[in-house]
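Data first, discussion second: the structure below is written as structure tokens.
One-based numbering, in listed order, for ligands and for the atoms of each. Just the heavy atoms: all of them, side chains too, but no hydrogens, waters or symmetry mates, feed the values below.
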Amino acid sequence: MRKPLIAGNWKMNNTLFQARELINSLRRELIDFEDADILICPPFTALSDANDLLIESNIKLGAQNLYWQEKGAFTGEVSPLMLKDIGCSYVIIGHSERRNIFSETNQDVNRKTKAALSAELTPIICVGEVLDEREAGKTIEVVKKQLEESLADLDEEQILKSVIAYEPVWAIGTGKTATPQQAQEVHKFIRTWLKDKYCIDVSQQIRILYGGSVKPSNIKDLMSEDDVDGGLVGGASLDSASFVEIVKNSV
Ligand code: 13P
């Protein structure tokens, strides 16, 4: 019922030349693949070229961040309209690296989510606990607060146009993946929270992605869990063969 979504978050990687090579390879390998939605999120500098290379392709384009204002004196920032204009249909919001390195708050994430939706971009809203919080048994409490504040005031129509990503911070870039059971426990909590805030129909339609050391070898097991609807892939999305295998193993 929920079509899987496999998203590659390239983070701050790839020059234009490297980006073009990777995209051309992904296009070739995934040309007929229809069973999952496929998304890549290159850095801002590669979005324009990526859009040109992805014309009439089944691979969608997303950005890794935006600013919530429409335009103006915000040196260094990029607006929702600019992303739409350059061909993006998705944007990652509130990634743990934005939260932890650049001090983004849940309130920032909320503003950015609303701005993305106003520009008809699909936000991928990230939540997840750090290791200390998991070890202190606070995972659900932390994720609940992130959901409550990051999704504050979103109506049914808005949440239905959003994607949520659970990324335990201790699993990002560490090679240490959450077990499928650990992922499922939090995904199930997120879906139940959505059911309580909205309704069962809404909660059943929203895709919840898992992120954190997703690899070709673990995507199948993660996807076999009821509430895991796809992956937000970092490191392994930089290698064409790995990303292609993750996409193919996701269904
Ligand atoms: P890795 O797949 O490199 O652990 O990164 C996950 C991530 O942060 C995706 O947004």
Side-chain angles (χ1 to χ4, degrees), residues 4-14 18-19 22 26 36-44 46-47 50 59-66 83 88-104 108-109 112-113 116 121-131 133-134 139 142-143 146 150 162-180 182-183 186-187 190 207-223 228-250:
L5 168 62
I6 301 295
N9 174 10
W10 291 10
K11 308 193 180 183
M12 196 174 72
N13 291 291
N14 287 336
Q18 292 166 327
L22 178 51
L26 294 175
D37 286 335
I38 309 163
L39 169 69
I40 57 167
C41 301
F44 290 135
L47 288 175
I59 302 174
K60 299 194 170 66
L61 187 63
Q64 300 171 18
N65 184 25
L66 53 62
L83 297 180
C88 289
S89 47
Y90 286 77
V91 58
I92 299 170
I93 296 190
H95 189 278
S96 64
E97 286 146 20
R98 301 287 330 158
R99 291 173 181 269
N100 298 330
I101 306 172
F102 301 100
S103 308
E104 276 189 18
D108 295 334
V109 174
K112 290 183 177 200
T113 299
L121 293 161
T122 300
I124 301 179
I125 306 148
C126 303
V127 296
E129 81 288 2
V130 300
L131 187 59
E133 292 164 336
R134 173 157 285 266
T139 299
V142 167
V143 170
Q146 289 173 329
S150 304
S162 306
V163 172
I164 295 174
Y166 168 57
E167 297 206 305
V169 181
W170 49 270
I172 295 178
T174 57
K176 209 172 154 188
T177 321
T179 64
Q182 284 173 321
V186 181
H187 283 229
I190 295 172
R207 291 190 286 195
I208 306 172
L209 313 183
Y210 168 79
S213 299
V214 172
K215 300 178 263 235
S217 58
N218 59 26
I219 186 72
K220 246 197 182 88
D221 286 345
L222 287 160
M223 293 297 296
V228 179
D229 307 314
L232 184 51
V233 188
S237 73
L238 299 173
D239 176 69
S240 174
S242 298
F243 191 64
V244 168
E245 215 181 323
I246 289 171
V247 170
K248 292 189 172 164
N249 288 352
S250 73

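Side-chain atoms of Asp229 do not come within 3.5 Å of backbone N or O of Leu209 as any donor-acceptor pair.
Pairing each heavy atom of Pro42 with each of Leu61, the nearest pair is CD-CD1, 3.6 Å. Here the shortest heavy-atom pairing between Pro123 and Ala116 reads CB-CB, 4.2 Å.
Within the structure, the closest approach of Gly212 to ligand 1 falls below 4.0 Å when heavy atoms are considered. Contact analysis puts Ser213 in contact with ligand 1, with a non-hydrogen atom separation below 4.0 angstrom. Not a single heavy atom of Gly175 sits under 4.0 Å from any atom of ligand 1.
Taking only nitrogen or oxygen atoms, main chain and side chain alike, Gly234 reaches within less than 3.5 Å of ligand 1. In terms of polar-atom proximity, defined here as any N/O pair under 3.5 Å, Gly173 does make such a contact with ligand 1.
Near Asn9, meaning under 4.0 Å from one of its heavy atoms, ligand 1 places the atoms 9 (C), 10 (O). Residue Ile172 has at least one heavy-atom neighbour below 4.0 Å for each of these atoms of ligand 1: 4 (O), 5 (O), 6 (C), 8 (O). If you number the atoms of ligand 1 from 1 as listed, the ones under 4.0 Å from a heavy atom of Ala171 come out as 4 (O).
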Could you walk me through whether Gln64 and Trp10 pass the side chain to side chain donor-acceptor pair (under 3.5 Å) check?
CA-CA 8 Å; Gln64 300 171 18; Trp10 291 10; over 6 Å; no
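For the side-chain hydrogen bond (donor to acceptor under 3.5 Å, both in side chains) criterion with Glu104, the lone passing option out of His95, Arg99, Lys112 is Lys112. Partner of Val163 under the side-chain contact (heavy atoms from CB on, under 4.5 Å) criterion, out of Leu232, Asp37, Ile124: Ile124 alone.
If you take CD1 on Ile40 and OG on Ser237, they are separated by 9.0 Å, rounding to the nearest 0.5 Å.
Contact check on Asp108 versus Arg98 returns no salt bridge, with no Lys/Arg side-chain nitrogen under 4.0 Å from an Asp/Glu carboxylate oxygen.
Regarding atom 9 (C) of ligand 1, its nearest protein heavy-atom neighbour is Glu167 OE2, 2.9 Å. When only non-hydrogen protein atoms are considered, atom 3 (O) of ligand 1 lies nearest to Gly235 N, 2.8 Å. Closest protein heavy atom to atom 5 (O) of ligand 1: Lys11 NZ, 3.3 Å.
The backbone and the side chain of Leu232 each have at least one atom closer than 4.0 Å to an atom of ligand 1 (non-hydrogen atoms only).
Note on ring orientation: taking the six-membered ring where Trp is involved, the planes of Tyr166 and His187 are perpendicular (angle over 60°, cut-offs 30° and 60°).
Nearest to atom 10 (O) of ligand 1 by heavy atom, out of Lys215, His95, Lys176, Glu97, is His95.
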